[in-house]
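One structure is given below, encoded as structure tokens.
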Amino acid sequence: MENKVVFGLKKVHIAKLIENNGIITYDTPFALPGAVNLTLDKEGATAIFRADDSDYYKKASNNGYSGSLEVADVIEKFLTDILGQYKDANGAIGENAEDVVSRFALMFEIDGDKRKRRMVFYDCLAERPSINPSTTEQDDPGIKTATMDLTISPRPTDKQVKNSIEASDDNQTVFNAFFESVYETVRATSV
């Protein structure tokens, strides 16, 4: 039974991408708690060649997505492992103009009216979040969130952009283990 609608965002996980001699692997995923919102817009274009008084040839390109991820706060592991910041001897997190930002896989879960869906985007890059604290009001704690701009590209080795899987009786083991490592496509075998 397919979902009619999807909603919610939770269980955001990050796995650092490691590229070595044209081979891509991922570190073990870690949780990025406090997911508030994920907004992704498709990147690409459709080219149309006109001949014989018609649309003679059409081609759509998939250049991934761009958008933002909003979280309650950016955790230390994301700041150091992904944004390239450092922790000094006193426990302060430092940012340097020459910090090297790492690419990563973005994994998360959304609900559906029938089944949960888990997704992975394979080649993501995040920008530093803006800083926007303000004075609290008497009856309002003034909770602020952190929003990071994201660029999601096709993975250079195989052009894979994303995968999604919904829980079913046939894939429950794979679905349950989804956040343990970065899910990779399993090609169907022909008989």
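For the atom pair NZ of K10 and CZ of R118, the computed distance is 9.0 Å after rounding to the nearest 0.5 Å. Separation of atoms CD1 (I93) and CG (D88) is listed at 8.0 Å; rounding is to 0.5 Å. To the nearest 0.5 angstrom, L79 atom CG is 8.5 Å from E95 atom CD. For the atom pair CG (L38) and CD1 (I110), the distance works out to 9.5 Å, reported to the nearest 0.5 Å. Atom CG in L69 sits 6.5 Å away from atom CG in L106 (nearest 0.5 Å). T145 OG1 to E70 CD: the interatomic distance, rounded to the nearest 0.5 Å, is 3.5 Å.
Of the candidates I24, V120, T25, V182 forms a side chain to side chain contact (heavy atoms under 4.5 Å, CB included) with just one, namely V120.
The cluster map of Ile, Leu, Val, Met, Phe, Trp and Tyr, joined by side-chain heavy atoms under 4.5 Å apart, puts V101 and F30 in the same cluster. Cluster annotation: M107 is connected to V174 through the hydrophobic network of ILVMFWY side chains, with a link wherever side-chain heavy atoms come within less than 4.5 Å. Follow the hydrophobic side-chain contacts under 4.5 Å out from F104 and you never reach I18; the two are in separate clusters. Y86 and I14 are members of different hydrophobic clusters when ILVMFWY side chains are connected at heavy-atom separations under 4.5 Å.
For Y56, the OH atom counts as loosely surrounded, since its 6.0 Å shell holds 12 or fewer non-hydrogen atoms of other residues, nucleotides or ligands. At most 12 non-hydrogen atoms from other residues, nucleotides or ligands lie less than 6.0 angstrom from CZ of R128.
With hydrogens and angles ignored, the 3.5 Å screen pairs no side-chain donor or acceptor of N171 with any backbone N or O of F175. With hydrogens and angles disregarded, a donor-acceptor distance shorter than 3.5 Å links the side chain of D113 to the backbone of K4. For S61 (side chain) and A45 (main-chain N/O), a donor-acceptor pair under 3.5 Å exists by modelled atom type. Panel note: side chain N90, backbone A92; no donor-acceptor pair is recorded below 3.5 Å.
H13 and F179 have parallel rings, their planes meeting at less than 30° on a 0 to 90° scale where 60° marks the start of perpendicular. Ring-plane geometry between F178 and Y183 is classed as parallel, the angle between the planes falling under 30 degrees on a 0 to 90 degree scale with a further cut at 60. The aromatic rings of Y122 and Y26 sit tilted relative to each other, their planes meeting at an angle between 30° and 60°.
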*K42 vs Y65, side-chain contact (heavy atoms from CB on, under 4.5 Å): CA-CA, chis, key distance, verdict*: CA-CA 4 Å; K42 63 183 172 35; Y65 297 84; 4.2 Å; yes
*Yes or no on side-chain contact (heavy atoms from CB on, under 4.5 Å) for R50 and D55, after CA distance, side-chain angles and deciding distance?*
CA-CA 5 Å; R50 300 267 309 156; D55 292 345; 2.8 Å; yes
*Evaluate side-chain contact (heavy atoms from CB on, under 4.5 Å) for T185 paired with N163, printing each intermediate quantity in order.*
CA-CA 7 Å; T185 299; N163 257 316; 2.8 Å; yes
*Can you check salt bridge (Lys or Arg N to Asp or Glu O under 4.0 Å) on D123 and R155, steps first, answer last?*
CA-CA 5 Å; D123 194 344; R155 189 166 51 186; over 6 Å; no
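Side-chain contact between E19 and P156: present, with at least one pair of heavy atoms (C-beta onward) separated by less than 4.5 Å. At least one side-chain heavy atom of L32 sits under 4.5 Å from a side-chain heavy atom of I75. Side-chain contact between D149 and S68: present, with at least one pair of heavy atoms (C-beta onward) separated by less than 4.5 Å.
Across all non-hydrogen atoms, the minimal contact from A146 to V74 is CB-CG2, 3.7 Å. Across every non-hydrogen atom of E2 and K114, the tightest pair is O-CG, 3.5 Å. Taking both residues in full, the closest heavy atoms of A35 and V12 are given as CB-CG2, 3.5 Å, listed atom of the first, atom of the second, then distance. Of all heavy-atom pairs between N96 and E98, the closest is OD1-N, 2.7 Å. Across V36 and A72, no two heavy atoms sit closer than the pair CG2-N, 3.9 Å. Of all the heavy atoms in S66 and E43, the pair that sits closest is OG-OE2, 2.5 Å.
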